[in-house]
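Take a look at the structure below.
Proteins come first, then strands; the chains are lettered A, B, ... in the order of their sequence lines, and each starts at number 1.
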Amino acid sequence: LRASLSSGIAFPDWAYKPESSPGSRQIQLWHFILELLQKEEYHGVIAWQGDYGEFVIKDPDEVARLWGNRKCKPHMNYDKLSRALRYYYNKRILHKTKGKRFTYKFNFSKVVLVNYPLLDMASSPFLLAQNHFNGGAATPDCSPVTPEVQI
DNA sequence: CGCGGAACTG
DNA sequence: CAGTTCCGCG
C-alpha cells in the first residue's frame with residue numbers, strides 16, 4: 001500500500017501503478033478519464049452521472065481527441081479509445097452500464113473495498129480524484145522534448 | 001453502438 | 001504490460 005505524500009491521504013495500489021521507468025511513466029487511460037472528470041471545464045465533454053462511479057462521455061470525439069493529444073496519437077478516435085476501455089472490464093477497473101449510451105462505471109466500491117476495507121465510501125469519486133491529482137498541477141500536452149539549448 | 005479476437009508497438 | 005490499430009459480428 002502506498003500513500004500520496006503531497007495530498008496527505010492514502011491511495012490504494014490499484015490507483016497507483018508505479019510501472020517501470022519512474023521518470024517517463026506513461027499516462028493510464030483511466031487516470032486521464034479521472035483527470036477530465038475532476039475538471040469542471042470538461043463537464044460538457046465528460047461528467048459523473050447516475051450511480052456512484054458512473055460517468056457519461058457526452059462528446060466521444062472530443063474525449064478521443066484529448067486522449068490522442070496526450071498520448072501523441074493524432075489518429076485516436078472513440079472506436080479505439082473504447083477498445084482500451086473494454087480491456088478494463090477484465091481488469092475490474094471499469095464496466096459498462098448496459099443500455100446507457102457512452103456510459104461506463106468505475107469499480108470503486110469493489111476494488112477499494114478489497115484493497116481498503118477501512119476506507120468508507122462516503123467520499124465521492126470526485127473527491128478521491130481530487131485528492132489524488134492535487135488540484136491538477138499540470139496537464140502536459142503532447143510535447144515530446146524541449147531541448148532548449150542556449151549558448 | 002458495443003463487443004472481443006488478433007496482430008502489433010514501445 | 002497497456003494500450004493501438006483493424007475488423008467482423010450481433
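For A/D51, the salt bridge (Lys or Arg N to Asp or Glu O under 4.0 Å) partners two or more places apart in sequence, or in a different chain, are A/K105. Qualifying side chain to side chain donor-acceptor pair (under 3.5 Å) partners for A/Y89, counting only residues two or more places apart in sequence or in other chains: none. Listed by chain and residue number, A/V45, A/D59, A/R65, A/L66 satisfy the side chain to side chain contact (heavy atoms under 4.5 Å, CB included) test with A/E62 (two or more places apart in sequence, or in another chain). Every residue two or more places apart in sequence or in another chain was checked for a side chain to side chain donor-acceptor pair (under 3.5 Å) with A/K58, and none qualifies.
Dashed line: the shortest gap from a side-chain N or O of A/K96 to OP1 or OP2 of B/dC3 is not under 4.0 Å. In this model, the phosphate group of C/dG3 is not approached by any side-chain N or O of A/W67 to a distance below 4.0 Å at OP1 or OP2.
A/K98 comes within contact range of no nucleotide atom at all, as no heavy-atom separation falls under 4.0 Å.
Taking OH from A/Y42 and CD1 from A/I57, the interatomic distance works out to 14.5 Å, rounded to the nearest 0.5 Å. Between atom CD1 of residue A/I93 and atom CD1 of residue A/I33 there is a gap of 11.5 Å, rounded to the nearest 0.5 Å.
Looking at A/E54 and A/T103, their side chains come closer than 4.5 Å, going by heavy atoms from C-beta outward. Between A/L37 and A/F106 there is a side-chain heavy-atom pair separated by less than 4.5 Å.
Within the structure, side-chain hydrogen bond (donor to acceptor under 3.5 Å, both in side chains) pairs that include any residue of residues 71-81 of chain A comprise A/Y78-A/Y104 (at least two apart or interchain).
Within residues 55-65 of chain A, no residue has a heavy atom under 4.0 Å from DNA chain B. Annotation: proximity of residues 76-83 of chain A to DNA chain C (heavy atom, distance under 4.0 Å) is found for A/M76, A/D79, A/K80, A/R83, numbered in ascending order.
Following rounding to the nearest Å, A/Y88 (OH) and B/dG4 (P) show an atom-to-atom distance of 16 Å. Atom CZ of A/R86 is separated from atom C1' of B/dC3 by 6 Å (rounded to the nearest Å). With rounding to whole Å, A/L94 atom CG is found 14 Å from B/dG2 atom C1'. In this structure, A/N69 atom CG and C/dG3 atom C1' are separated by 17 Å, rounded to whole Å. Between the OH atom of A/Y104 and the C1' atom of B/dG2 there is a distance of 7 Å, given to the nearest Å. For the pair A/Y89 OH and B/dG4 C1', the computed distance is 10 Å after rounding to whole Å. For A/Y87 and C/dT5, the OH to C1' distance is 10 Å, given to the nearest whole Å. The interatomic distance linking A/Q28 (CD) with C/dT4 (P) rounds to 11 Å, in whole Å.
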So which protein nitrogen or oxygen atoms get under 3.5 Å of nucleotides 8-10 of chain B's nitrogens or oxygens?
none

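Here the closest non-hydrogen pair linking A/V63 and A/F32 is O-CE2, 4.4 Å. Contact detail for A/L36 and A/I46: the closest heavy-atom pair is CB-CG2, 3.7 Å.
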